[in-house]
Trainee: 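Below you will find the structure I want to go over with you.
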Protein chains: 2
Amino acid sequence: MGVHNTNIKESFFQKHKATIAYSICLALLLFLLKWLELRFIIFDHSLEIYIGAIAVIFTSLGIWLALKLSKPKIKTVVVEKEVYINKSENFVLNESMVTELELSKRELEVLSLMAEGCSNQEIADRLFVSLSTVKTHNQNLFEKLDVKRRTQAIEMGKRLSLIP
Amino acid sequence: MGVHNTNIKESFFQKHKATIAYSICLALLLFLLKWLELRFIIFDHSLEIYIGAIAVIFTSLGIWLALKLSKPKIKTVVVEKEVYINKSENFVLNESMVTELELSKRELEVLSLMAEGCSNQEIADRLFVSLSTVKTHNQNLFEKLDVKRRTQAIEMGKRLSLIP
DNA sequence: ATTGTTTTCGTACTAAAGAAGGATAAATCA
DNA sequence: TGATTTATCCTTCTTTAGTACGAAAACAAT
């Protein structure tokens, strides 16, 4: 997302910045220790304090180093997000029901056009057949679906997944 | 997802395990240092080596500590889970559309009975009104929904979430 | 070639739906 | 209170839907 390597040398410096910083810190600390050594040599009863200080300093250094140089631990949390899908948008024809009711292709076509709100004449025009033919299909459909009206046929057709 | 706190004390111990381990290590190291001190006091020209060893040990300790105690970064992965829902089973009426189209309660009732496949006479019987009344409602409905037939009204009603 | 299914088309009739007009009572709102 | 909305009911007429037959092609399978 928008990462631009403007300069490879700069990138190299970036990567080793922590190491360089560590080197400089180490050098400074050695000077500090030398100085501390000289001072504590004089009061060498305080050796425990000296060692304690060293322990604390280097522990901190270690922690800092580790945090800087270690790859971040990644804990992956999987969140399931429910995506609601409209059933009608991925309609699958109930073919077993078509077989069971012995519905022909033409009858299914007529049924779906019916469900779209077409009149018998409109269905006839769209299927290039006569009004009489559509009426015959209707009769057969109503008998097979065991209904009395086209509106009931639409209802039944949707319930049986014959139409979307 | 399925996280069970079986024992709070155990959980507490778990959380502070690293700290306790650190304490024990520190104690052991102090003993070691005391021993090393005694040995190096004899050969006290080797003080630099002694300090160097301490530095290395505590740096390592710091690194180990940091790695143990640092909190992992949480990476959230969203997994989309498809949930197929039956549109009719959780139907919510599109009330804004009802308001927009200025549909009355009665008209909606008529529309839903229409969608169930009722004839005008059946609708009249179920609503305890006359056939004429139902026809009037139908006319108003068709005009408001901008359709010409009852089947189209059903289609439009479903599309606009006016009926299940 | 025969059989059976699907699709097609027809007529005549009845039932239902829809259009267009007006009208009334009750409820609601300003 | 007056105005508006909602729901109710009516008649007349036209259109559409549905019923009940019959029957001719088209097509696939045997």
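Naming: A, B, ... by sequence-line order, numbering from 1 per chain.
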Trainee: Check whether any side-chain heavy atom of L162(B) lies under 4.5 Å from a side-chain heavy atom of L145(B), and answer yes or no.
Mentor: yes

Trainee: Any side-chain heavy atom of E116(B) sitting closer than 4.5 Å to one from R126(B)?
Mentor: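 In short, these two side chains touch, coming nearer than 4.5 Å.
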
Trainee: Quick one: D125(A) CG to dT8(C) P, roughly how many Å, whole number?
Mentor: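 Interatomic distance, CG of D125(A) to P of dT8(C): 14 Å.
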
Trainee: Counting only side-chain nitrogens and oxygens, does S119(B) get under 4.0 Å of the OP1 or OP2 atom of dA16(C)?
Mentor: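 Answer no for this pair, as no side-chain N or O of S119(B) is under 4.0 Å from OP1 or OP2.
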
Trainee: Can you tell me how far P of dA26(C) sits from CZ of R106(B), to the nearest Å?
Mentor: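 To the nearest whole Å, that distance equals 16 Å.
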
Trainee: Could you tell me whether S132(A) contacts a base, only the sugar-phosphate backbone, or nothing, with contacts defined as non-hydrogen atoms closer than 4.0 Å?
Mentor: base

Trainee: Is any side-chain N or O of S130(B) closer than 4.0 Å to OP1 or OP2 of dC10(D)?
Mentor: yes

Trainee: Check the distance between dA17(C)'s P and M114(B)'s CE and give it to me in whole angstrom.
Mentor: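 About 9 Å, once rounded to whole Å.
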
Trainee: Send over the distance from I123(B) CD1 to dA7(D) P, rounded to a whole Å.
Mentor: 15 Å

Trainee: Using atom CG of L101(B) as one end and atom P of dT6(D) as the other, report the distance to the nearest whole Å.
Mentor: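 From L101(B) CG to dT6(D) P: 13 Å.
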
Trainee: Going hydrophobic residue to hydrophobic residue with side-chain gaps under 4.5 angstrom, can you get from V56(B) over to L61(A)?
Mentor: no

Trainee: Can you check salt bridge (charged side-chain N to carboxylate O under 4.0 Å, His left out) on K144(B) and E107(B), steps first, answer last?
Mentor: CA-CA 10 Å; K144(B) 288 174 180 177; E107(B) 285 163 352; 2.8 Å; yes

Trainee: Just by distance, no angles: are the side chains of T133(B) and S130(B) close enough, under 3.5 Å, to form a donor-acceptor pair?
Mentor: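 Side chains of T133(B) and S130(B): pair found under 3.5 Å.
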
Trainee: Rounded to the nearest Å, what distance is computed from the CD atom of residue E109(A) to the P atom of nucleotide dT6(C)?
Mentor: 14 Å

Trainee: For DNA chain D, which residues of residues 134-159 of chain A approach it to below 4.0 angstrom with any heavy atom?
Mentor: K135(A), N138(A), Q139(A), F142(A), K148(A), R149(A), R150(A)

Trainee: Give the rounded distance in Å between these two atoms: CG of L108(B) and P of dT6(D).
Mentor: 12 Å

Trainee: Just how far, in rounded Å, is P of dA7(D) from CG of L127(B)?
Mentor: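 That distance rounds to 11 Å.
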
Trainee: For residues L101(A) and L160(A), determine if any side-chain heavy atom of one lies less than 4.5 Å from a side-chain heavy atom of the other.
Mentor: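 Yes. Closest side-chain heavy atoms under 4.5 Å.
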
Trainee: Is the phosphate of dA16(C), meaning OP1 or OP2, less than 4.0 Å from a side-chain N or O of N120(B)?
Mentor: no

Trainee: Assess, by modelled atom type and distance only, whether the side chains of T136(B) and N138(B) contain a donor and an acceptor separated by less than 3.5 Å.
Mentor: no

